[in-house]
*Asks:* 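Quick one: the structure is below, questions incoming.
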2 protein chains.
Amino acid sequence: MYAYAPSARPVVLDPHGAANTCANCDARPHSVCNAVPDADIARLTAIAVVTHAEPGTTFIQEGDPASHFFNISAGTVRMYKLLPDGRRQITGFSGVGHFLGLAVSDTYAFSAEAIDHVRFCKFSRARVRTLLDDYPAMEKRLLAVASTELVAAQDQMLLLGRKTARERLASFLMLQSRQGVMCQSYRHRFALPMSRGDIADYLGLTIETVSRTLTKLRSDGFIEIPSATEIAIRAPAALESLATGMA
Amino acid sequence: MYAYAPSARPVVLDPHGAANTCANCDARPHSVCNAVPDADIARLTAIAVVTHAEPGTTFIQEGDPASHFFNISAGTVRMYKLLPDGRRQITGFSGVGHFLGLAVSDTYAFSAEAIDHVRFCKFSRARVRTLLDDYPAMEKRLLAVASTELVAAQDQMLLLGRKTARERLASFLMLQSRQGVMCQSYRHRFALPMSRGDIADYLGLTIETVSRTLTKLRSDGFIEIPSATEIAIRAPAALESLATGMA
DNA sequence: CGGTCACTTGATCGTCTTCAATACCAGTGG
DNA sequence: CCACTGGTATTGAAGACGATCAAGTGACCG
C-alpha cells in the first residue's frame, strides 16, 4: 500500500501560461471545445469557470453528485477508484485537452486529483446540455472521446489481466513516450509527472516492483533513468516488442 | 492458458424466438434502436441485416476494418483481446440489447465470439451515420452507451488491478446475478453461459483458480453450484461485501 | 460402454508482495 | 557550509497468492 501524501513534483507546465478566455486557450485545439465555432466562442467562455488545483488536491470525488464537466488546460491529473481498505486503482492520467466527467449516472464514477499544478475549466452539466443541443458536432466529439477512452480502457484491461510486470512497465513507458511531455533537446526522453506510487497503482503493481523492474529495464539496456522523474528510451523498438508481449 | 475450442454450451435463449423485423424485435426496448420512433421504424429495418452465429464463431476480428455496428438480439457474446502468444483477456460479455462496434478508429479494437447461439443485427457504419444525423436522440443514446461501458471498464480495472481472486469471483457472480439470465422459479439462481475458461480470462485468473475459488465460496456458504453452468447465491449481502472489498 | 471434453482437485513452483533497511534528494535552519 | 529532517526511491530477504504441472472425476454423446 502507498501513502498518498501530497508532494511537490516538478512542475512540467506553467499553469498561468495561457489567457483566461476560450478564444486563446491553448487547450482548445486539442479538446471538445473546438466543436463550438469561433463566432460563438463567447457562449463557451460564458459558462466556463477557470479553476486551479494545487498538487494533491482532489477536485472530483467518487460518489459525489456529478454536477460539472471538466476540461484540463494545464498540468496532469490522476483519476482513480478506491476500495474501502485503501487499495487504489488509477484508471488513467489526464493532461492538456482532456475531458473529464462523462457519466450517465448522476454521481461521479471516479475521483480525480491534481498531480502537479493543474488548471481546468469547469462547466455545469445543465448548461453543457443546452450547448449540446445547439452544437451536434460537440455531441459527436464527446462520443469520439468516449469511444477513444473505451479503447484505452480495454487495452488497460489486457495489461492488468494478462501482462507481466515487465510488460506493464514497457507498455506504460511507450504510452508516456507518445503522449507525455517530451524533452525538447532529446527524442525519446520525457518527464514522468507522476510518482512511483502512482505508476504502481496504475499498473496494478507495488512501488517496489515498479522500482525493481525499471532498474532491470535499465540494466538490460532498454532505458536510461537520468533522474527519478525522467526517462529516456534507448531501444524503442525492443521496448515496444516487450510491451505488446512479443518477448 | 486455455484451449479455445468451440464447445456446445447450454442454449439459454432460443435464437429463433423473435420475428425478423425491428418493429417486434424483442431486443429493441433494451437497445439504441428505440431512439428511432415507431413511425420511421421501416428505415431501421431496411438497413438491418439479421445474422446468426453458431457457438464459437468469431464475427468481429480485432484489427479488421470496422465496417459494421452490431446489436445483439439473442444469445451471449464474449469480446476479447489477444497477445501474440495466445494470452487472452475478455473485456466483457454482451447479451440481448447490447450494442457493439463503437470505435473512432477504422479498425475493430477487439474480437467478438458467440458463446451460445447468437442472433444479431448488422448495420453498415456508413448507413448508421446518415441515420444518426436524422435522429440526434440516437447519438445521445450511443453516448450514454459508451459512458456506461466506460464506467464498467473502470470497475473492471479496479477488479483486475487490485482485487484478490476471491473478490473477483464475488464481483463476477454479483454482476451475473444482476444482469444474467435468472431462473424463473428461484431468486438468486442463474445460468452461466460462459465456460470456466471464459470466466478466468475475464477475471485475469486461470481456470484452476476459478474452479478452486468457486469451490471455496461454496464450502464457505456463500453460494451453491447445482451444476457447472448454474449458480445460486445463498448469501447475497455477504457476497456483495466480499465483492466490494469489505472483507 | 468407451471416448472426449470440461471441470475439479492435488502438489509444486515462481512472480510479485510484504516487510525491512538503506540510499537519495530537496528544503531548512544552525 | 553542512547537519538535520521528511519524504521518495531503491535494494534486500522472506513469504504468499495464484500459476503451472499433473492426475482424477464426471457429464455428454456416439
Side-chain angles (χ1 to χ4, degrees), chain A residues 1-11 55-56 85-89 115-116 159-169 191-219 223-231 245, chain B residues 1-11 55-56 85-89 115-116 159-169 191-219 223-231 245:
Chain A
M1 205 76 48
Y2 180 66
Y4 308 113
S7 71
R9 308 284 307 171
V11 176
D85 62 2
R87 279 173 289 174
R88 182 177 69 158
Q89 179 63 39
I115 290 181
D116 44 27
L159 180 150
L160 293 169
R162 288 302 179 219
K163 289 187 184 177
T164 65
R166 198 174 164 84
E167 290 165 348
R168 293 181 200 202
L169 261 302
L192 291 180
M194 67 292 289
S195 70
R196 295 290 185 272
D198 288 339
I199 299 173
D201 285 349
Y202 178 58
L203 298 179
L205 300 169
T206 60
I207 295 182
E208 295 91 329
T209 300
V210 168
S211 181
R212 264 187 264 271
T213 307
L214 283 177
T215 303
K216 191 67 172 27
L217 287 175
R218 182 187 53 190
S219 66
I223 60 172
E224 286 171 43
I225 312 178
S227 80
T229 59
E230 270 186 317
I231 296 282
Chain B
M1 204 77 47
Y2 180 65
Y4 309 115
S7 71
R9 309 283 307 170
V11 177
D85 62 1
R87 279 173 289 174
R88 182 178 68 160
Q89 179 63 40
I115 291 181
D116 43 28
L159 179 148
L160 292 170
R162 289 301 180 219
K163 289 187 184 176
T164 64
R166 199 175 163 84
E167 289 164 349
R168 293 181 200 202
L169 261 303
L192 291 180
M194 68 291 291
S195 70
R196 294 291 186 273
D198 288 338
I199 299 173
D201 285 349
Y202 179 58
L203 299 178
L205 300 169
T206 60
I207 295 182
E208 294 91 330
T209 300
V210 168
S211 181
R212 264 187 265 273
T213 306
L214 283 176
T215 303
K216 191 67 171 31
L217 287 175
R218 182 187 53 189
S219 67
I223 60 171
E224 286 172 43
I225 312 179
S227 80
T229 59
E230 271 186 317
I231 296 283

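Every chain is numbered from 1, with letters handed out A, B, ... down the list of sequences. Values in this document were obtained by computation on a predicted structure and should not be read as measured data.
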*Asks:* Would you mind reading off the distance between A:Ile207 atom CD1 and C:dA23 atom C1', rounded to a whole angstrom?
*Replies:*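 In whole Å, C:dA23 C1' and A:Ile207 CD1 are 15 Å from each other.
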*Asks:* Whole-Å distance between C:dC16 C1' and A:Lys216 NZ?
*Replies:*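 To the nearest whole Å, that distance equals 15 Å.
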*Asks:* Just how far, in rounded Å, is P of D:dT20 from CG of B:Leu205?
*Replies:*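 For the pair B:Leu205 CG and D:dT20 P, the rounded distance is 11 Å.
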*Asks:* I'd like to know if the side chain of A:Ser211 and the backbone of A:Ile207 have a donor-acceptor N/O pair within less than 3.5 Å.
*Replies:*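 Not confirmed, A:Ser211 side chain does not pair with A:Ile207 backbone.
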*Asks:* Using a cut-off of strictly less than 4.0 Å, decide whether B:Ser195 has a side-chain nitrogen or oxygen near OP1 or OP2 of C:dA6.
*Replies:*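 So the side chain of B:Ser195 is outside the cut-off, no N or O lying under 4.0 Å from OP1 or OP2 of C:dA6.
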*Asks:* Let me know the distance between CZ of A:Arg166 and C1' of C:dG14, rounded to the nearest Å.
*Replies:*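 In whole Å, C:dG14 C1' lies 16 Å from A:Arg166 CZ.
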*Asks:* Are B:Thr215 and C:dT9 close enough that a side-chain N or O sits under 4.0 Å from OP1 or OP2?
*Replies:*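 For C:dT9, OP1/OP2 do have a side-chain N/O of B:Thr215 under 4.0 Å.
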*Asks:* Write down the distance between CZ (A:Arg212) and P (D:dA14), rounded to a whole number of angstrom.
*Replies:*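 After rounding, the reported distance stands at 13 Å.
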*Asks:* Give the rounded distance in Å between these two atoms: CD1 of B:Ile199 and P of C:dC7.
*Replies:*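 Going from CD1 in B:Ile199 over to P in C:dC7 covers 8 Å.
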*Asks:* Between B:Arg166 (side chain only) and B:Lys216 (backbone N and O only), is there a donor and an acceptor less than 3.5 Å apart?
*Replies:*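 Here the side-chain-to-backbone pair does not exist.
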*Asks:* May I ask you to verify if any side-chain N or O of B:Ser211 is less than 4.0 angstrom from the OP1 or OP2 atom of C:dT8?
*Replies:*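 Checking C:dT8 against B:Ser211, a side-chain N or O does come within under 4.0 Å of OP1 or OP2.
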*Asks:* Atom CZ of A:Arg162 and atom P of C:dT15: how far apart are they, to the nearest Å?
*Replies:*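 A:Arg162 atom CZ is separated from C:dT15 atom P by 16 Å.
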*Asks:* Can you identify which nucleotide, out of D:dG18, C:dC7, C:dC16, has its nearest atom closest to the A:Thr164 side chain?
*Replies:*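 Comparing D:dG18, C:dC7, C:dC16 against the side chain of A:Thr164, the answer is C:dC16.
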*Asks:* Using the rule given for side chain to side chain contact (heavy atoms under 4.5 Å, CB included), can you reason through A:Leu160 versus A:Arg168, listing the C-alpha separation, both sets of side-chain angles and the distance that settles it, and then say yes or no?
*Replies:* CA-CA 8 Å; A:Leu160 293 169; A:Arg168 293 181 200 202; 4.2 Å; yes
*Asks:* For B:Arg88, does its backbone N or O pair with a side-chain atom of A:Arg162 as donor and acceptor, under 3.5 Å?
*Replies:*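 Present.
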*Asks:* Mapping B:Arg168 and A:Val210 to their closest nucleotides on DNA chain D, which lands nearer the 5' end?
*Replies:*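 Taking each residue's closest nucleotide, the earlier one in sequence belongs to A:Val210.
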*Asks:* Tell me which of A:Lys163 and A:Glu208 sits closer to the 5' end of DNA chain C, going by the nucleotide each one is nearest to.
*Replies:*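 Closest to the 5' end, via its nearest nucleotide, is A:Lys163.
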*Asks:* Select base, sugar-phosphate, or nothing to describe what A:Leu214 touches, counting heavy atoms under 4.0 Å on all strands.
*Replies:*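 If one applies the 4.0 Å heavy-atom cut-off, A:Leu214 turns out to touch nothing in the nucleic acid.
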*Asks:* For B:Arg87 and D:dA19, give me the distance from atom CZ to atom C1', rounded to whole Å.
*Replies:*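 Taking atom C1' of D:dA19 as the reference, CZ of B:Arg87 is at 13 Å.
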*Asks:* Can any side-chain N or O of B:Glu167 pair as donor or acceptor with the backbone N or O of B:Thr164 at less than 3.5 Å?
*Replies:*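 The answer is yes, because a donor-acceptor pair under 3.5 Å joins these two groups.
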*Asks:* Could you tell me whether the phosphate oxygens of D:dA19, OP1 or OP2, come under 4.0 Å of any side-chain nitrogen or oxygen in B:Thr206?
*Replies:*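 For D:dA19, OP1 or OP2 has a side-chain N or O of B:Thr206 closer than 4.0 Å.
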